[in-house]
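These notes concern the structure reproduced below.
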Amino acid sequence: MEKFFAGDYPGPAFEFLGIAHLGALFLIVLLNFFLFRFKNADEKTRSRVRWTMAIILWVNEIAWHAWNYAVGRWTIQEMLPLHLCSVLVWTGAIMLMTKNYHIYEFMYLMGIGGAIQALATPDLGIYGYPHFRFFQTFISHGLIVTSAIYMTVVEGFRPTWKSLWRVFVWVNVYAGIVFVINTAIGSNYLFINHKPPTASLLDVLPPWPIYIIFLELIGLLTIFLLYLPFAVKDWRARVLENRSNTSRLKDISN
């Protein structure tokens, strides 16, 4: 048990696309398919599912902060809940409890893309399976994705065209506020003041501040891709409606 929470973990380091990594990703996919079965469940049952995911999100995040404090790594420069996924963990639980649509817009359009990137390339370093840090990472980011998909498939929520612009504008407003906070306390939340010191996908982008423009474009592209299934669905519905109206006009004229 001591190894499970060790700050200097003596066990195996995280292996990118290793058995543990692929296994964790598979379990997250399996969880999503399992939750689809609640689509036709009554509200009481669906509410229990939502509250269970919300409580797990919060307990997992609190445990993450407690662990960092216990091993002496909790600082305001690193641990304030200002990174996008950290914000969505806390607000996503509120969304699950209250079925708040405006939070859902951010969970679906920003949370899925950001969390999937974190799941695909987790920054775990020495903390491989079965360390606490390994489980905490996949639980938090996995439930961000799962919560957004659950609210879409089971609860019937969906983003609209206006959702895209609301999310894009408010995320940029938030980023501006975080930039000021970073400058004031010497942090780098959202990685908007400079690139992270460790290797990351940002290394392939131009230097600061040009890479922020690329991040904006990547974010916008991600939002459009996530909205694409609904755009196609709406387009097909309009086509079918037009065909139906045309058919009715022909019947009337005949």
Side-chain angles (χ1 to χ4, degrees), residues 1-35 52-93 95-96 106-108 110-150 178 187-191 195-203 215 222:
M1 184 59 69
E2 184 178 347
K3 285 185 178 180
F4 182 76
F5 292 106
D8 296 320
Y9 182 51
F14 174 75
E15 182 184 354
F16 174 67
L17 294 183
I19 295 177
H21 186 191
L22 294 176
L25 296 178
F26 174 75
L27 288 176
I28 292 169
V29 172
L30 198 65
L31 174 63
N32 278 270
F33 279 107
F34 171 76
L35 292 177
T52 299
M53 288 194 290
I55 290 170
I56 293 174
L57 274 171
W58 277 357
V59 170
N60 185 65
E61 191 70 5
I62 291 170
W64 164 237
H65 283 267
W67 177 77
N68 276 275
Y69 181 81
V71 299
R73 295 179 182 173
W74 201 104
T75 66
I76 62 171
Q77 288 78 22
E78 296 287 341
M79 293 302 300
L80 293 180
L82 295 178
H83 279 302
L84 185 60
C85 285
S86 296
V87 174
L88 291 177
V89 163
W90 295 103
T91 58
M95 174 201 69
L96 290 166
F106 289 88
M107 285 291 287
Y108 181 84
M110 294 300 299
I112 291 180
I116 285 179
Q117 179 183 331
L119 291 168
T121 58
D123 181 21
L124 287 173
I126 65 171
Y127 301 112
Y129 176 87
H131 192 270
F132 159 76
R133 179 78 173 93
F134 177 91
F135 288 98
Q136 183 276 329
T137 295
F138 285 99
I139 289 173
S140 62
H141 294 96
L143 280 182
I144 288 175
V145 175
T146 300
S147 298
I149 293 176
Y150 177 87
V178 171
S187 56
N188 190 32
Y189 294 107
L190 300 183
F191 305 121
K195 293 182 180 182
T198 57
S200 70
L201 294 176
L202 296 183
D203 292 336
L215 292 179
T222 301

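Predicted model, so just to flag it, every value in this text is computed and none were measured.
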Heavy-atom count check: over 12 atoms from other residues, nucleotides or ligands less than 6.0 Å from [X] [atom1]?
X: Ile19; atom1: CD1; value: no
X: Tyr129; atom1: OH; value: no
X: Gln77; atom1: CD; value: yes

- prompt: For Leu143 and Leu31, what are the C-alpha separation, side-chain angles and deciding distance, and is it a side-chain contact (heavy atoms from CB on, under 4.5 Å)?
  reply: CA-CA 9 Å; Leu143 280 182; Leu31 174 63; 4.2 Å; yes
Report yes if the side chains of [X] and [Y] come closer than 4.5 Å at any heavy-atom pair, otherwise no.
X: Ser187; Y: Leu80; value: no
X: Thr121; Y: Phe16; value: yes
X: Val145; Y: Tyr108; value: no
X: Phe26; Y: Leu22; value: no

Can you measure from [atom1] ([X]) to [atom2] ([Y]) and round to the nearest 0.5 angstrom?
X: Thr146; Y: His141; atom1: OG1; atom2: NE2; value: 12.5 Å
X: Leu35; Y: Thr52; atom1: CG; atom2: OG1; value: 10.0 Å
X: Ile56; Y: Ser140; atom1: CD1; atom2: OG; value: 12.0 Å
X: Leu30; Y: Leu25; atom1: CG; atom2: CG; value: 12.5 Å
X: Leu88; Y: Met110; atom1: CG; atom2: CE; value: 8.0 Å

message: Over 60° means perpendicular and under 30° means parallel, so tell me whether His131 and Tyr127 are parallel, tilted or perpendicular.
response: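 It falls in the tilted class, 30° to 60°.
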message: Please verify the inter-ring angle class for Phe4 with Phe132; under 30° counts as parallel, over 60° as perpendicular, anything in between as tilted.
response: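 The rings of Phe4 and Phe132 stand perpendicular, inter-plane angle above 60°.
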field: Salt-bridge criterion met for Asp8 and Arg73 (N-O under 4.0 Å)
entry: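 Counted as a salt bridge, because a side-chain N and a carboxylate O are separated by less than 4.0 Å.
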His83 and Phe191 aromatic centres sub-6.0 Å: yes
query: Less than 6.0 Å separating the ring centroids of Phe138 and His21?
result: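 Yes - the distance between ring centres of Phe138 and His21 falls below the 6.0 Å cut-off.
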